[in-house]
2 protein chains.
Amino acid sequence: MSLRHAMLGLLADQPASGYDLMKRFETSLSNAWPATQSQVYGELGKLAKAGLLEVAAEGPRGRKEYAITDEGRAELHHWLTETPPGTVRRSEALLRVFFLNHLTPVEATAYLMGEAERAAGHHKALEEVERKVDWGDDALSVNGRLALEYGLRFTAMREEWARWAAEELMKSRER
Amino acid sequence: MSLRHAMLGLLADQPASGYDLMKRFETSLSNAWPATQSQVYGELGKLAKAGLLEVAAEGPRGRKEYAITDEGRAELHHWLTETPPGTVRRSEALLRVFFLNHLTPVEATAYLMGEAERAAGHHKALEEVERKVDWGDDALSVNGRLALEYGLRFTAMREEWARWAAEELMKSRER
DNA sequence: TGATTCATGTAAGCGGTTACATGATTAT
DNA sequence: ATAATCATGTAACCGCTTACATGAATCA
């Protein structure tokens, strides 16, 4: 149930509509926890019904601006401090590694080199973000930079690993 | 639809029952693609109906041993070589980083240090696996070692990042 | 006036988790 | 005997994705 907490976290900074939240998901959270429009609107309704949010204002085009309640803040705090983060991680890319023996050496190497390039591309994209965003000293900038650094280290690690793995495979094929 | 390909990949090595597959998921694939018992049995039925698997033999206790068909092998090969790996990665741990500003400095640091320790623990567990498994020169050993190395690098990276992030947070709080 | 942006919602379907339910065979 | 292991299946539920559906307000 991380989506609801992601939304509570965003709304803890300032009130927003579903539409606003979607934009914020796309720009900041998309690499950690993507969400779709229908999901966001659905969850807004549930959170309001549960008393964790309330409709603070209504605007043109049926716009509903949601604000977090004290109960919502308490739930966010509880989630952040009392519950251990879920650790279930699925990686389709890693899964494939287990089946590389069903490919020819050429195909397997091609896959790993492709992985290296995908990681490198992702890394470059993150560097681009780092350059374009003007980072302030505000809380969101600080947190965003921490998350970005995680992404940079992760993509770098993935590229290095993939190149290493390609070499390992070649070595073991020689034997 | 990675589960079906994970199952095809396992069955490409040798025929197995649902029960066998479950054990293999638990030992080798659990870190890349966990699966539950009900999922495995359900998918076996679907794959057999689709002609990618067939019941090769029946044993005691209603045991059904499934074998991959040529069609199944073709599908596995197609998946491995023609389709790009899905890249959707959700990380609850990273998501929380975006909301660290809603915690006190003490709480936030505690969270990051906890992350570092969780990563270190996971790292140690993988080292334990490395020590206990007797790695041969067979295909599964080679692939397994590649995947294990990925895990080792990943957990090391996470620990380092978390310690770095905790320091960064302290620095920015001083200002 | 016509395109773009803002804005909200519903419905079908899929993959995954948890829990329930049953029973045969083998090892102690 | 009885406990552990082997073995298969079903049902309810939840979160997420995709697609559909509608329309008001603003900008060029």
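Quick note: numbers below take in every heavy atom, side chains included, and nothing from hydrogens, waters or symmetry partners. Naming: A, B, ... by sequence-line order, numbering from 1 per chain.
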Please enumerate all protein N or O atoms sitting under 3.5 Å from an N or O of nucleotides 20-28 of chain C, with distances to 0.1 Å.
none

Exercise. Nearest nucleotide by nearest heavy atom, which residue falls closer to the 5' end of DNA chain D, Lys46(A) or Lys64(B)?
Worked result: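 Closest to the 5' end, via its nearest nucleotide, is Lys64(B).
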
Exercise. Step by step, would you call His5(B) with Glu75(B) a side chain to side chain donor-acceptor pair (under 3.5 Å)?
Worked result: CA-CA 8 Å; His5(B) 296 110; Glu75(B) 172 56 31; 2.7 Å; yes

Problem set entry | Interatomic distance where CZ belongs to Arg63(A) and P belongs to dT5(C) [whole Å] |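 It works out to 17 Å between those atoms.
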
For this session: Take Met7(B) and Lys46(B), measure what side chain to side chain contact (heavy atoms under 4.5 Å, CB included) needs, and give me the verdict at the end.
Result: CA-CA 12 Å; Met7(B) 292 171 60; Lys46(B) 285 182 209 165; over 6 Å; no

Exercise. In terms of the nearest nucleotide of DNA chain D, which residue is placed more toward the 5' end: Gly62(A) or Gln39(B)?
Worked result: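 The residue whose closest nucleotide sits nearer the 5' end is Gln39(B).
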
Exercise. So what does Ser17(A) touch, heavy atoms closer than 4.0 Å: a base, only the sugar-phosphate, or nothing?
Worked result: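 The residue Ser17(A) makes sugar-phosphate contact but no base contact.
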
Exercise. CE of Met7(A) versus P of dC16(D): gap in Å, rounded?
Worked result: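 So the two atoms are 11 Å apart, to the nearest Å.
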
For this session: Calculate the interatomic distance between Phe25(A) atom CZ and dG15(D) atom C1'; express it in whole Å.
Result: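 Roughly 13 Å, once rounded to whole Å.
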
Problem set entry | Joint hydrophobic cluster, Leu103(A) plus Leu8(B), side-chain heavy atoms closer than 4.5 Å |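 Linked within one cluster.
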
For this session: Specify the separation, in whole Å, of atom CG of Leu95(A) and atom P of dG15(C).
Result: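 After rounding, the gap between these two atoms is 15 Å.
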
Exercise. To the nearest angstrom, how far is Lys23(B) atom NZ from dT8(D) atom C1'?
Worked result: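 Between C1' of dT8(D) and NZ of Lys23(B): 15 Å.
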
Exercise. Quick one: does Arg118(A)'s side chain get under 4.5 Å of Glu159(A)'s, heavy atoms only?
Worked result: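 No, side chains not in contact.
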
For this session: Using a 4.5 Å cut-off on heavy atoms from C-beta on, say whether the side chain of Arg96(A) contacts that of Pro85(B).
Result: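 The answer is yes, as the side chains (C-beta and beyond) meet within the 4.5 Å cut-off.
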
Exercise. dT17(D) phosphate, OP1 or OP2: any side-chain N/O from Arg90(B) under 4.0 angstrom?
Worked result: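 So the side chain of Arg90(B) is within the cut-off, an N or O lying under 4.0 Å from OP1 or OP2 of dT17(D).
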
Exercise. Heavy-atom distance under 4.5 Å between the side chains of His102(A) and Asp13(B), does that happen here?
Worked result: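 They are in side-chain contact.
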
For this session: Calculate the interatomic distance between Met22(B) atom CE and dT18(C) atom C1'; express it in whole Å.
Result: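 Between C1' of dT18(C) and CE of Met22(B): 13 Å.
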
Problem set entry | Whole-Å gap separating P (dT10(D)) and CG (Leu44(B)) |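 Checked: the CG to P distance equals 12 Å.
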
Problem set entry | Tyr41(A), nearest nucleotide to its side chain (from dG9(D), dT8(C), dG15(D)) |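 Out of dG9(D), dT8(C), dG15(D), the nucleotide with an atom closest to Tyr41(A)'s side chain is dT8(C).
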
Exercise. Which nucleotide sits closest to the side chain of Ser38(A): dC16(D), dT18(D), dA19(C)?
Worked result: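 Per side-chain heavy atoms of Ser38(A), the pick is dT18(D).
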
Exercise. Do the numbers put Arg4(B) on top of the ring of Trp79(B), so that NZ or CZ is under 6.0 Å from the six-membered ring centre and no more than 45° off the axis?
Worked result: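 No; the conditions do not both hold, so Arg4(B) does not lie above the ring face of Trp79(B).
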
For this session: Mind calculating the distance between OH (Tyr19(A)) and P (dT4(C)) to the nearest angstrom?
Result: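 About 13 Å, once rounded to whole Å.
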
